[in-house]
Amino acid sequence: MKINDKRVKVFLNEKTTLGPIIYWMSRDQRVEDNWAFLHAQELALEAKQPLVVVFCLVSEFLGATMRQYGFMLKGLEEVESKLKKIHIPFYILLGDPPDELEKFTKKIKAGAVVTDFDPLKIKRNWKETLRKKLNGAFYEVDAHNIVPCTAASNKQEYGAYTIRPKIHKLLPEFLTEFPKIKPQAHKIDFSFSEINWKKIYSSLKIDSTVEEVDWITPGENAAHQALKDFIKNRLHGYDENRNDPNLDGQSGLSPYLHFGQLSAQRVALEVSKHRSEHRKDVEAFLEELIIRRELSDNFCYYNHKYDSFAGFPAWAQKSLNEHRDDARQFVYTKSEFEKAKTHDELWNASQRQLVKTGKMHGYMRMYWAKKVLEWTASPEEALKIAIYLNDKYELDGRDPNGYVGIAWSLGGVHDRAWFDRPIFGKVRFMNDRGCASKFDVKGYSKKYSV
DNA sequence: ATCGGCTCGCGCAA
DNA sequence: TGCGCGAAGCCGAT
């Protein structure tokens, strides 16, 4: 079974000497339901060469802490044991990815490198640097999106309403069942040793004061369990319950999706099976899982300013500029925000939920970010603080969804203009009165009180 | 409780 | 060129 060519981007396609095929795993940290893995396996079988999987670990990454590294590394330990069972070697390289990949590729005389797709700048720079160093074949496969990012659209989309029809049109082509992975078919004629996990943990230069959380179990197996649990217990009523921060109404899958421990396509396939019983819930969920997630990748891929003021739409930049000198009733420092020391108990509660659990409720993420804009001296500072806190504490930090969510809140990205008001200009405003009309604000504040 | 207005610009119909 | 409508809202009038 051949994978759809539209998932594959050819970085380099030079004829090479025969050699093992490398899957450079990066964003999609799973064995099952992984188009990049499947493509690499297909190349290996065609060339009658062994397949090897490599992950390159950097000692620090965009402010990630032990909370996120721990979640990721436990997932990778499971990848190692899953691959071992089918005799596929798994390596973890330590250091600068382009350098390490180049060395490794030469060392095992690889025939081709396959990697997965990621719209973030840092990942694209790694791949571009490696492309210049390699001679041979180098491919990128979009294993994260259901409709591949570049197949869905060739430009930055203005809103959900512009990308939605494009994705829906292509879903029948891409939302298909995955082929099964196969055990290693060809002999490896080089030696490899087991991963020294202790050495890996000691290589990290990260903030270990942000602790791991215990309400969620990392890894591919746990991810499949969590998906089953969501479908069984919370899919029914999802449409109504997801926006109430006092209810456990969200899927809870985003950490798994972020690290690629779970495939969004698998989630869509399984959830879709329940369309006839829970049509409204399934449609509301798929809108978030597919349209909104893929819109985030679209934004980051086509807008290189996805994490700065200059990435906001022109009307929002103009409007926010006109309100730069507006008086702020409250101005807090990064540290005051971080310690949840504002005058607003609702905001403080959401910040404590973030710090404590690594997962602020989706509805509160909007209110939280909008208040950071309202209570800082400039939109640039607000953006910096919001991204810093999001990436430091959220299990799913550093994700296109996070950048887009913050840009929506602060800069009107994928939103429309609203009537002019202080500080916000024409960017949509939110306040606690709106929250009070939708959920029990006191109950939520109490749940996350000091 | 419910409703209209606020306001911008994309994409499509014409 | 005109027109409908959009990622989660707010506000004041009724």
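Remember, it's a predicted structure, so these values are computed and weren't measured experimentally. Protein chains get the first letters and strands the later ones, always in sequence-line order, with residue 1 at the start of each.
Counted within 6.0 Å of CD on E277(A), heavy atoms from surrounding residues, nucleotides or ligands total more than 12; the atom is thus considered enclosed. Counting non-hydrogen atoms of other residues, nucleotides and ligands closer than 6.0 Å to CD of E336(A) gives a total above 12.
Within 4.0 Å (heavy atoms only), R242(A) reaches no atom of the nucleic acid at all. Among the protein residues, W418(A) comes within range of the nucleic acid bases, having at least one heavy atom under 4.0 Å from a base atom. K318(A) comes within 4.0 angstrom of no nucleic acid atom, judged by non-hydrogen atoms across all strands. Nucleic acid contact for V427(A): none, since no nucleic acid atom lies under 4.0 Å from a heavy atom of the residue. Residue contacts for M366(A): at a heavy-atom cut-off of 4.0 Å it reaches a base atom on one of the strands shown. Backbone-only engagement by Y158(A) is indicated by non-hydrogen atom pairs under 4.0 Å involving sugar-phosphate atoms exclusively.
Under a 3.5 Å cut-off, the side chain of R131(A) and the backbone N or O of K127(A) do not form any donor-acceptor pair.
Between D344(A) and Y367(A), the side chains place a donor N or O and an acceptor N or O closer than 3.5 Å (distance only, hydrogens not considered). A donor-acceptor contact closer than 3.5 angstrom links the side chains of D326(A) and H323(A).
Judged by the 6.0 Å and 45° rule, R124(A) forms a cation-pi pair with Y301(A).
Comparing the P positions of dA1(B) and dA8(C) gives a spacing of 22 Å, expressed to the nearest Å. Going from the P atom of dT7(B) to that of dG12(C) covers 15 Å, rounded to whole Å.
For D116(A), the salt bridge (charged side-chain N to carboxylate O under 4.0 Å, His left out) criterion is met by no residue, not counting sequence neighbours.
Listed pair R365(A) / dA8(C) fails the phosphate criterion, with no side-chain N or O lying under 4.0 Å from OP1 or OP2. Phosphate contact (OP1/OP2 of dA8(C), side-chain N/O of N243(A), threshold under 4.0 Å): absent. Contact check, K438(A) against dA8(C): no side-chain N or O comes under 4.0 Å of OP1 or OP2. Here R428(A) does not reach the OP1 or OP2 of dC10(C): none of its side-chain N or O atoms lies under 4.0 Å away.
When each of dG11(B), dG6(C), dC11(C) is scored by its nearest atom to the side-chain atoms of K155(A), the top-ranked nucleotide is dG11(B). Among the nucleotides dG9(B), dT7(B), dC11(C), the one closest to any side-chain atom of W315(A) is dG9(B). Listed nucleotides: dG11(B), dC10(C), dG6(C). Nearest to the side chain of E157(A): dG11(B). Closest to the side chain of W408(A), from the set dA8(C), dG5(B), dG6(C), is dA8(C).
Taking atom CZ on R433(A) and atom P on dA1(B), their separation rounds to 14 Å, with Å as the unit. Atom C1' of nucleotide dA8(C) and atom CE of M364(A) are separated by 13 Å, given to the nearest angstrom.
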In dot-bracket form, 5' to 3', how is DNA chain B paired? Count Watson-Crick and G-U wobble pairs only if both distances fall under 3.5 Å, and write | where the partner sits on another strand.
||||||.||||||.

